Amino acid sequence: MPRDEPPPRTPDGRYVVIGGRRWRASDPDLPEDVSTRLRGALMAARRDVGRALRAGDQDAERRARDRVQEAKVALGERGTPWWEQTEEERRRRWEAGLARLGA
């Protein structure tokens, strides 16, 4: 699958399938600008994890991994499933993530 195509979703739209493994999909109701900002924060945090690992800096690694978790929760990929949240809870989730990540 080319990188510019989104991975296939399960019929209920709740999961993506990558390499035969099921992963929770991002909240489909995220506004495009919010999704872009959160994904940017996620990728920056992942790069920081790699940098910290190469440097052997466990404190920096923990901080970066915490930011990865924060971004994944804000995107709806971790934490309470987005399909179990009200629209208001979903909005609060991503707004809190943006604020905490400074995204």
Side-chain angles (χ1 to χ4, degrees):
M1 164 181 38
R3 289 183 63 102
D4 57 343
E5 290 183 27
R9 287 188 178 229
T10 57
D12 61 11
R14 295 175 177 176
Y15 300 91
V16 295
V17 180
I18 301 171
R21 187 165 176 192
R22 209 174 62 151
W23 301 88
R24 191 185 311 168
S26 296
D27 185 339
D29 287 343
L30 281 170
E32 189 60 38
D33 65 313
V34 170
S35 177
T36 298
R37 291 165 54 197
L38 288 172
R39 288 184 199 294
L42 173 61
M43 297 315 294
R46 286 178 169 166
R47 285 189 298 274
D48 288 347
V49 168
R51 242 186 311 275
L53 286 170
R54 288 188 296 280
D57 186 338
Q58 292 179 343
D59 291 334
E61 179 189 353
R62 178 75 271 146
R63 288 190 304 272
R65 289 189 186 279
D66 288 346
R67 289 184 9 250
V68 167
Q69 174 69 9
E70 185 69 46
K72 299 286 272 176
V73 169
L75 286 162
E77 296 175 11
R78 293 187 184 157
T80 302
W82 49 261
W83 57 88
E84 293 178 3
Q85 294 178 317
T86 65
E87 286 183 35
E88 178 63 23
E89 290 169 326
R90 292 161 86 175
R91 185 185 57 75
R92 281 195 312 258
R93 183 197 68 234
W94 75 61
E95 286 178 349
L98 286 170
R100 284 192 290 269
L101 291 163

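The residues of the chain are indexed from 1 along the displayed sequence. All values below were derived from every heavy atom in this structure, side-chain atoms included, with hydrogens, water molecules and symmetry-related copies excluded. A quick note: this is a predicted structure, and the numbers were derived from the prediction, not measured.
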For the atom pair [atom1] ([X]) and [atom2] ([Y]), what is the distance rounded to the nearest 0.5 Å?
| X | Y | atom1 | atom2 | answer |
| --- | --- | --- | --- | --- |
| Leu98 | Glu70 | CG | CD | 9.5 Å |
| Trp82 | Asp29 | CH2 | CG | 7.5 Å |
| Asp27 | Arg93 | CG | CZ | 4.5 Å |
| Leu53 | Glu61 | CG | CD | 4.0 Å |
| Trp94 | Leu30 | CH2 | CG | 5.5 Å |
| Thr10 | Arg22 | OG1 | CZ | 7.0 Å |

Tell me the closest heavy-atom pair linking [X] and [Y], and the distance in Å.
| X | Y | value |
| --- | --- | --- |
| Glu84 | Glu89 | O-OE1, 4.2 Å |
| Ala74 | Gly97 | CB-CA, 3.8 Å |
| Gly13 | Ala25 | O-CB, 3.9 Å |
| Arg24 | Gly76 | CD-O, 3.1 Å |
| Arg90 | Pro28 | NH2-CD, 4.0 Å |

Can you pull out every ring-ring contact (aromatic ring centres under 6.0 Å, His included) where at least one residue sits in [range]? Sequence neighbours excluded, please.
| range | answer |
| --- | --- |
| residues 35-54 | none |
| residues 28-73 | none |
| residues 9-57 | Tyr15-Trp83 |

(message) In this structure, would Leu42 and Val49 fall into the same cluster of hydrophobic residues linked by side-chain contacts under 4.5 Å?
(response)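 Linked, Leu42 and Val49 end up in one cluster.
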(message) If hydrophobic clusters are built from ILVMFWY residues whose side chains come within less than 4.5 Å, do Val73 and Leu101 share one?
(response)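 Different clusters.
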Salt bridge (Lys or Arg N to Asp or Glu O under 4.0 Å) partners for [X], two or more places apart:
| X | answer |
| --- | --- |
| Arg91 | Glu88, Glu95 |
| Asp66 | Arg62 |
| Arg47 | none |

(request) Answer yes if the side chains of Ser26 and Arg39 hold a donor-acceptor pair under 3.5 Å, and no otherwise. (result)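 Ser26 vs Arg39: donor-acceptor pair found between side chains.
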(message) Checking the side chain of Arg37 only, and the main-chain atoms of Asp33 only, is there a donor and an acceptor separated by less than 3.5 Å?
(response)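 Not confirmed, Arg37 side chain does not pair with Asp33 backbone.
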(message) I want to check something: taking the side chain as every heavy atom from C-beta on, are Thr86 and Arg92 in contact at a cut-off of under 4.5 Å?
(response)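 With C-beta onward as the side chain, the pair stays apart.
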